[in-house]
*Asks:* 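Submitted below is the structure of interest, expressed as structure tokens.
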Amino acid sequence: MEKYNPQKIEKKWRIIWEESKIYRTEETLEKPKYYCLDFFPYPSGDGLSVGHCKNYIPTDVFSRFKKMCGYSVLHPMGWDAFGQPAEQEAINKGIHPKITTEKYTANYKRQLSLIGTSYDWEREINSSHPDYYKWTQWFFLLLYKRGLAYRKKAPVNWCPTCLTVLANEEIEDGKCWRCGSEVTKRDLMQWFFKITDYADYLLKDLETIDWPEKIVLMQQNWIGRSEGIEFNLKVKNSEKTIPVFTTRPDTIYGMTFVVLAPEHPLINELTTQEFKNAVENYRKIAYQKSEIQRLALEKEKDGVFIGAYAINPMNNEEVPIYVTDYVLMTYGTGAIMAVPAHDERDFEFAKKYNLLIRVVISPPDWEGEELKEAYTGKGIMVNSDEYNGLPSQEGIEKICNYLDNKGIGRRKVNYKMRDWLISRQRYWGAPIPIIYCDACGEVPVPEEDLPVLLPDIEKYQPTETGESPLAKVQEFVNTFCPKCRKLAKRETDTMGGFACSSWYFLRFTSPHYKKGPFNPDKVKYWMPVDLYVGGAEHAVMHLLYARFWTKVMYDANIVNFREPFNKLLNQGMMHAPDGRLMSKSKGNVITPDEVVAEYSADALRAYELFLGPFEQDAIWSDRGINGVFRFLNRVWRLILKEKPLIFTKRPSGGAEDISRQLQKMTHKTIKKVTLDFEKFKFNTAVAALMEYINFLYSSLDKKVLEEIWSETIDTLMLLLAPIAPFMTEELWERTGHKESIHIQPWPKWDEKLTYEEKFTLVIQVNGKLRDRVEVPVGISDEEMKKIALKSPNAQKFIKDKEIIKFVTVPNKLINIVAK
RNA sequence: GCCGAAGUGGCGGAAUUGGUAGACGCGCUGGACUCAAAAUCCAGUGAGUUUUAAUACUCAUGUGGGUUCAACUCCCACCUUCGGCACCA
């Protein structure tokens, strides 16, 4: 027998598979389709680590499995090559992103082939290629035409290191998600997508998809829907009114002051002369503060009085108006009625400035004493005139009705989610296809003029001016107005990377289509994605944006589904042996290259699957992989060398004939592995195959009918094929099969053959295990009782006691309850 | 602070609807093979008590209660770890 030589056979099959195009996608109406997709990766210079493989291996195993089960499977791969990470890399290394991108994608592709993935490379896409971003721009225009892309000057998040604006989702703890610098505010003219128009829609349709609860919850929280009422507060000695939003109108009688955000437009008009200086000072300081300082939890609430008074519409009480930075201009109306008794922040503020704290919702067991902290729960209304005695819920209804009827306010829904900031002052992205003309204003680039090509330039470093590097490229900026043909200027900002990944899953269905972003027939055939697999870190970014674009497409009648990804799974992260995340800077990266060289791609695959549950984090261990490597060697040896005592006809005498047990074991294993694969439980599937082979080895000194042995080893190879594609292909060939193992039908199990004839009857006394007896399946309760009572071990524990009852579980156990 | 997930041998992890806790693997121990080692193969391996031995018993799934004939699984309280959100009125 030739030794298992993975280096040789893996290289051999990689070449054969590529030449025979065995992984080309099949599109046929005769089979059900299955679209299995990985998150769109950004190809980094560091290449793949075994951590990344924790995602790609399981989806590959599953795709192979589905294909063997008779599906036509779409399992594509492409590159999210545009965007900041790629550009930053290029800047750091001083090499043009176009060049680095090309190099890195080639490396990724090589590594993915190395580990035996079955991607259809004829469908490879790259978001930084003009034939791709042409359509990203096309989608921008679609949103624009539907009123969902607009430009406004707004204080936006600015990263002083990356020199660009960031979307809200790209800020973590007030810091840039990429470089960790503190984010500051800057007033810039920016493009936004109106995702808030779809807030409710995005929220509701979460019910229709099979996603991890965790992600659904994160999206719900991110969207942050809250129902309330917006109403106007009159200002004493002024015509102006201040709109405020509240979800707790039942606490309106507890309003003892009003607070405005520092950016509030009414501050200038309402502040009295006397307080102008103090207010201006406060605003200046607040405005200079970075987000992180402003949001710091420990920070004391402060603010200044503006000299004006607002009037409570319920009782005409006059309350002072303050400006403070704990109120955000970007949510609700940027002003609130402050109810210190029932809001923690207002309470803190009132304490600091000795403002009145009036209880209007009675906390449980409250007897009129002063509150030590705000009571934010619901309760019975007090100190609220005719509303006294009402529970909160009713109070909310009644007061809303009152304000509504009086024309003072109206019910409103607010969302935490903000519009999606799409402009980036960066070179490496899809140019925003808009032209500014002195005569015609903002003009979209006509579809037939797409793509707006990203010029090839030398100086792509970002600038501090808040302008994209493209602004300095005269040939790019200067153009003609598509409407009036006069001289005009192009928009020089590019789109953030998340634009590209908001539709790429559609492009895979027809990656070379020229007449549109995708071929509608192919989209109809393949979409939606049946299984989408990636990390949880994209919960509120990519996964929300892609859903949004899909809904816009649905409304525009270009797709016939409202959700792009039916089922979503998040893989756990793979940590380095030191328990930390793998990263080049920490020097603890383990690459698939080194593992494949030392063991084999098949061993790497099997090990990553076996390490633990798919969704759970795992720690790479250099020792553990030995176990699966041994297992693969045992498979190799068993199939090529070992055999039990084979016979062709019923023999007499000699060794024990275990044909029947073997057959049962085979069918039980098929069932176990199949069901485990369906449930993405690859670790127990591998374990089942290990048990299977252990059983086979223990059968070698027994007698087996020839056809059963041949079924046995064929099944072993087939079940293992998605996990260890190289080795099984080689073994399949060596055992005389002509066609590739990867196009064979998945083995089926015969349910009858998974049933046992005997089982271990567990005998308990008062719930404690006392004995075990082998008995035939299907025996009656009475028989079980008889057997149990005969057990000497059980007898020991019941002899001085009175038997009260028997509890039986058919084919499992009997419990004798005795006192 | 709020929301969510998870705590099982020396380690990674298994355990249908509550029904044999620790599958499978790593590691370790002993043995076989070998001049020797590696590799491979065989056996053992939760802790404790007991027995010459086979055996048997007690304890054990983060902690403390509860429901149940029976709890890793269900309920209540708490502890720890990880993840998310964090002035959203």
Side-chain angles (χ1 to χ4, degrees), chain A residues 3 172-174 212-218 220-222 224-226 228 230 244-248 251 259 261 294-297 299 301 324-328 330-339 342-346 348-349 376 414-418 536-537 539-540 570 572-573 606-607 610-613 615-628 630-631 633-634 637 675 681 683-694 697 759-772 793 796-797 804-810 812-819:
Chain A
K3 227 183 106 194
E172 292 162 357
D173 285 331
E213 215 180 319
K214 182 183 151 187
I215 303 293
V216 169
L217 218 78
M218 279 167 75
Q220 283 168 347
N221 292 339
W222 188 264
R225 184 182 200 274
S226 56
E230 189 176 308
V244 293
F245 174 75
T246 183
T247 55
R248 291 296 301 274
T251 64
V259 275
R294 220 169 131 172
L295 292 183
L297 200 64
K299 193 184 86 69
K301 310 255 174 293
T324 171
D325 65 5
Y326 79 80
V327 170
L328 308 172
T330 44
Y331 183 79
T333 61
I336 59 160
M337 65 169 203
V339 184
H342 305 295
D343 181 283
E344 285 161 26
R345 297 149 297 176
D346 299 344
E348 205 187 309
F349 192 85
T376 55
N414 265 322
Y415 301 91
K416 280 207 259 186
M417 184 170 67
R418 311 288 150 81
E537 68 274 13
V540 290
N570 299 121
M573 280 193 286
Y607 180 53
F610 184 61
L611 205 49
E615 324 80 70
Q616 199 174 295
D617 287 359
I619 294 178
W620 181 269
S621 134
D622 296 316
R623 281 186 176 160
I625 192 169
N626 252 316
V628 292
R630 255 177 229 159
F631 160 68
N633 273 290
R634 276 160 70 77
R637 207 182 87 217
L675 297 181
K681 291 174 73 173
N683 55 332
T684 50
V686 174
L689 288 167
M690 286 173 166
E691 282 186 76
Y692 188 43
I693 199 155
N694 288 347
Y697 268 96
F759 74 98
T760 308
L761 174 65
V762 171
I763 300 168
Q764 297 181 335
V765 177
N766 291 332
K768 285 200 173 171
L769 173 75
R770 295 304 175 190
D771 208 354
R772 285 181 253 232
N793 243 332
K796 269 204 315 209
F797 290 88
I804 295 168
K805 66 168 171 175
F806 296 90
V807 180
T808 55
V809 181
K812 202 145 237 169
L813 64 73
I814 177 160
N815 186 14
I816 305 166
V817 186
K819 228 187 207 165

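Note that the structure is a prediction, hence the values are computed from the model and not measured. Hydrogens, waters and symmetry mates play no part in the numbers below; they use all other heavy atoms, side chains included. First the proteins, then the strands, lettered A, B, ... as listed; each starts at 1.
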*Asks:* Going by purine N1 to pyrimidine N3 plus the second Watson-Crick contact, or the G-U wobble pair, all under 3.5 Å, which nucleotide sits opposite A53(B)?
*Replies:*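 Base-paired to nothing in any strand shown.
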
*Asks:* How far does the P atom of A77(B) sit from the matching atom of C3(B), given to the nearest Å?
*Replies:*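 The answer is 12 Å between these two P atoms.
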
*Asks:* OP1 or OP2 of G13(B) versus the side-chain N and O atoms of Gln616(A): is any pair under 4.0 Å?
*Replies:*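 Indeed, a polar side-chain atom of Gln616(A) lies that close.
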
*Asks:* Do Asp617(A) side-chain atoms and Met573(A) backbone N/O form a donor-acceptor pair below 3.5 Å?
*Replies:*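 The answer is yes, because a donor-acceptor pair under 3.5 Å joins these two groups.
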
*Asks:* Please name all residues satisfying side chain to side chain contact (heavy atoms under 4.5 Å, CB included) with Ala335(A), sequence neighbours left out, ordered by chain then number.
*Replies:*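 Result, side chain to side chain contact (heavy atoms under 4.5 Å, CB included) vs Ala335(A): Ile242(A), Val244(A), Leu260(A), His264(A), Thr333(A).
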
*Asks:* Just how far is it from atom OG1 of Thr684(A) to atom CZ of Phe610(A), taken to the nearest 0.5 Å?
*Replies:*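 Reported value, rounded in 0.5 Å steps: 10.0 Å.
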
*Asks:* Could you tell me how far apart Asn221(A) (CG) and C87(B) (P) are, to the nearest whole angstrom?
*Replies:*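 Roughly 13 Å, once rounded to whole Å.
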
*Asks:* Looking only at the side chain of Thr247(A) (C-beta and beyond, no hydrogens), which of the listed nucleotides A89(B), G19(B), G27(B) gets closest?
*Replies:*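 Comparing A89(B), G19(B), G27(B) against the side chain of Thr247(A), the answer is A89(B).
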
*Asks:* Of Leu813(A) and Gly624(A), whose closest RNA chain B nucleotide lies nearer the 5' terminus?
*Replies:*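 Nearest nucleotide further toward 5': that of Leu813(A).
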
*Asks:* So does Met690(A) get a backbone contact from the side chain of Arg634(A), meaning a donor-acceptor N/O pair under 3.5 Å?
*Replies:*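 No; judged by distance alone, with no hydrogens or angles, the pair does not exist.
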
*Asks:* Using whole Å, what does the distance between atom P of nucleotide G25(B) and atom OH of Tyr697(A) come to?
*Replies:*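 Distance check: Tyr697(A) OH to G25(B) P gives 13 Å.
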
*Asks:* Need the glycosidic conformation of G13(B): syn if within 90° of 0, anti if not. Which one?
*Replies:*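 The base of G13(B) is oriented anti (glycosidic angle more than 90° from 0).
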
*Asks:* Can a side chain N or O of Lys768(A) be found less than 4.0 Å away from OP1 or OP2 on C59(B)?
*Replies:*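 Affirmative; the distance criterion is met.
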
*Asks:* What interatomic distance, in whole Å, is found between P of A38(B) and the corresponding atom of G27(B)?
*Replies:*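 To the nearest whole Å, 13 Å.
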
*Asks:* G25(B) and G46(B): how far apart are their P atoms, nearest whole angstrom?
*Replies:*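 After rounding to an integer number of Å, I get 15 Å for this pair.
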
*Asks:* Sticking with atom P, work out how far C57(B) lies from U68(B), rounded to a whole angstrom.
*Replies:*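 Nearest-Å result for C57(B) against U68(B) at atom P: 27 Å.
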
*Asks:* State the pairing partner of C59(B); accept Watson-Crick or G-U wobble contacts with both distances under 3.5 Å, and report none otherwise.
*Replies:*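 The answer is G46(B), by the H-bond criterion.
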
*Asks:* With a 4.0 Å cut-off on heavy atoms, is Phe759(A) in touch with a base, just the backbone sugar-phosphate, or nothing at all?
*Replies:*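 Here Phe759(A) touches no strand at all.
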
*Asks:* Of the nucleotides C69(B), A14(B), A56(B), which one has an atom closest to the side chain of Thr684(A)?
*Replies:*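 The listed nucleotide nearest to Thr684(A)'s side chain is A14(B).
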
*Asks:* Name the closest nucleotide to the Ala687(A) side chain, picking from A23(B), G84(B), A89(B).
*Replies:*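 The answer is A23(B), which lies nearest to the side chain.
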
*Asks:* With a 3.5 angstrom cut-off on both distances, give the Watson-Crick or G-U wobble partner of G4(B), or none if there isn't one.
*Replies:*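 Across all strands, the one nucleotide that pairs with G4(B) is C82(B).
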
*Asks:* Under 4.0 Å between a side-chain N/O of Lys681(A) and OP1 or OP2 of A15(B), yes or no?
*Replies:*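 Yes.
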
*Asks:* Determine the Euclidean distance between corresponding C1' atoms of A70(B) and G18(B); express it in Å to zero decimal places.
*Replies:*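 After rounding to an integer number of Å, I get 8 Å for this pair.
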
*Asks:* Hey, which of these two, Ala618(A) or Arg772(A), hits RNA chain B nearer its 5' end, going by closest nucleotide?
*Replies:*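 Nearest nucleotide further toward 5': that of Ala618(A).
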
*Asks:* Please check the phosphate of U58(B) (OP1 and OP2 only) for any side-chain N or O of Arg770(A) closer than 4.0 Å.
*Replies:*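 For Arg770(A), the contact criterion (side-chain N or O under 4.0 Å from OP1 or OP2 of U58(B)) is met.
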
*Asks:* State whether Arg634(A) places a side-chain N or O below 4.0 Å from either non-bridging phosphate oxygen (OP1 or OP2) of C41(B).
*Replies:*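 Checking Arg634(A) against C41(B): at least one side-chain N or O falls below 4.0 Å of OP1 or OP2.
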
*Asks:* Checking base pairs now: Watson-Crick or wobble, both atom distances under 3.5 Å. What partners G9(B)?
*Replies:*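 The base-pairing partner of G9(B), which may sit in any strand shown, does not exist here.
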
*Asks:* Could you check which of C69(B), A89(B), G19(B) has an atom nearest any side-chain atom of Phe245(A)?
*Replies:*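 In terms of side-chain proximity for Phe245(A), the closest of C69(B), A89(B), G19(B) is A89(B).
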
*Asks:* Would you give the length of the straight line joining atom CG of Asp343(A) to atom OG1 of Thr251(A), rounded to the nearest 0.5 angstrom?
*Replies:*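 Going from CG on Asp343(A) over to OG1 on Thr251(A), the span is 8.5 Å.
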
*Asks:* Test your reading of the model: is there a side-chain donor-acceptor pair from Thr808(A) to the backbone of Pro810(A), 3.5 Å cut-off?
*Replies:*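 Side chain of Thr808(A) to backbone of Pro810(A), a donor-acceptor pair under 3.5 Å: no, none is there.
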
*Asks:* Does Glu344(A) CD have over 12 foreign heavy atoms under 6.0 Å away?
*Replies:*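 Not more than 12 within 6.0 Å, no.
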
*Asks:* Would you mind reading off the distance between Asn633(A) atom CG and G25(B) atom C1', rounded to a whole angstrom?
*Replies:*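 The distance from CG of Asn633(A) to C1' of G25(B) comes to 15 Å, rounded to the nearest Å.
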
*Asks:* With heavy atoms under 4.0 Å as the rule, sort Ser226(A) into base, sugar-phosphate or nothing.
*Replies:*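 Sugar-phosphate contact only.
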
*Asks:* Rounded to the Å, how far apart are Leu611(A) CG and G13(B) P?
*Replies:*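 One finds 7 Å between P of G13(B) and CG of Leu611(A), rounded.
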
*Asks:* Please report, rounded to the nearest Å, how far the P atom of U55(B) is from the CG atom of Asn793(A).
*Replies:*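 Rounding to the nearest Å, CG of Asn793(A) and P of U55(B) are 12 Å apart.
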
*Asks:* Let me check something: any side-chain donor-acceptor pairs from residues 812-819 of chain A under 3.5 Å, sequence neighbours excluded? List them with distances.
*Replies:*
unit_1	atom_1	unit_2	atom_2	d
Asn815(A)	OD1	Asn766(A)	N	3.3
Asn815(A)	OD1	Gly767(A)	N	2.9

*Asks:* Does Asn683(A) place a side-chain N or O at less than 4.0 Å from the phosphate oxygens OP1/OP2 of C24(B)?
*Replies:*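 Checking C24(B) against Asn683(A), no side-chain N or O comes under 4.0 Å of OP1 or OP2.
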
*Asks:* From C-beta outward on Glu691(A), which listed nucleotide comes closest to its side chain: U20(B), A89(B), A23(B)?
*Replies:*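 Between U20(B), A89(B), A23(B), the one nearest the side chain of Glu691(A) would be A23(B).
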
*Asks:* When you get a sec, tell me which of C57(B), C24(B), C69(B) is the closest nucleotide to the side chain of Asn694(A)?
*Replies:*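 Comparing C57(B), C24(B), C69(B) against the side chain of Asn694(A), the answer is C24(B).
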
*Asks:* Now, which nucleotide makes the Watson-Crick or G-U wobble pair with C33(B), with each of the two distances under 3.5 Å?
*Replies:*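 Base partner found: none.
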
*Asks:* Need the pair for A70(B). Rule: Watson-Crick or G-U wobble, both distances under 3.5 Å, any strand; none if unpaired.
*Replies:*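 A70(B) is unpaired by these criteria.
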
*Asks:* Return the nearest nucleotide to the side chain of Arg630(A); candidates are U20(B), A89(B), G27(B).
*Replies:*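 Nearest to the side chain of Arg630(A) among the choices is G27(B).
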
*Asks:* Looking only at side-chain atoms of Val762(A), point me to the closest of U20(B), A89(B), G12(B).
*Replies:*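 For the Val762(A) side chain, the nearest candidate turns out to be U20(B).
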
*Asks:* When the distance from CH2 of Trp222(A) to P of G84(B) is rounded to whole Å, what number comes out?
*Replies:*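 Trp222(A) atom CH2 is separated from G84(B) atom P by 12 Å.
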
*Asks:* Which nucleotide in the list C87(B), A89(B), G19(B) gets nearest to the side chain of Lys301(A)?
*Replies:*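 Of the options given, the side chain of Lys301(A) lies nearest C87(B).
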
*Asks:* Can you figure out which of G25(B), C3(B), G83(B) approaches the side chain of Leu217(A) most closely?
*Replies:*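 Nucleotide nearest to Leu217(A)'s side chain: C3(B).
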
*Asks:* Work out how far the C1' atom of C72(B) is from that of A23(B), and round it to whole angstrom.
*Replies:*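 It works out to 15 Å between them.
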
*Asks:* Distance check, P atoms only: A15(B) and G4(B), in whole angstrom units.
*Replies:*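 A15(B) and G4(B) have their P atoms separated by 25 Å.
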
*Asks:* On the side chain of Glu213(A), is there an atom forming a donor-acceptor pair with the base of G4(B) - under 3.5 Å, no angle test?
*Replies:*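 Absent.
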
*Asks:* Could you tell me how far apart Asp617(A) (CG) and G4(B) (C1') are, to the nearest whole angstrom?
*Replies:*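 Taking atom C1' of G4(B) as the reference, CG of Asp617(A) is at 15 Å.
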
*Asks:* Between Tyr607(A) and Val686(A), is the side-chain contact (heavy atoms from CB on, under 4.5 Å) condition met? List the steps.
*Replies:* CA-CA 9 Å; Tyr607(A) 180 53; Val686(A) 174; over 6 Å; no

*Asks:* Under 3.5 Å for both donor-acceptor distances, Watson-Crick or wobble: does A21(B) have a partner, and if so which one?
*Replies:*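 Pairing partner: none.
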
*Asks:* When the P atoms of A32(B) and U49(B) are compared, how many Å lie between them, rounded to an integer?
*Replies:*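 So the two P atoms sit 30 Å from each other.
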
*Asks:* Report the distance from atom CD1 of Ile625(A) to atom P of G12(B), rounded to the nearest whole Å.
*Replies:*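 Atom-to-atom, Ile625(A) to G12(B), this comes out as 18 Å.
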
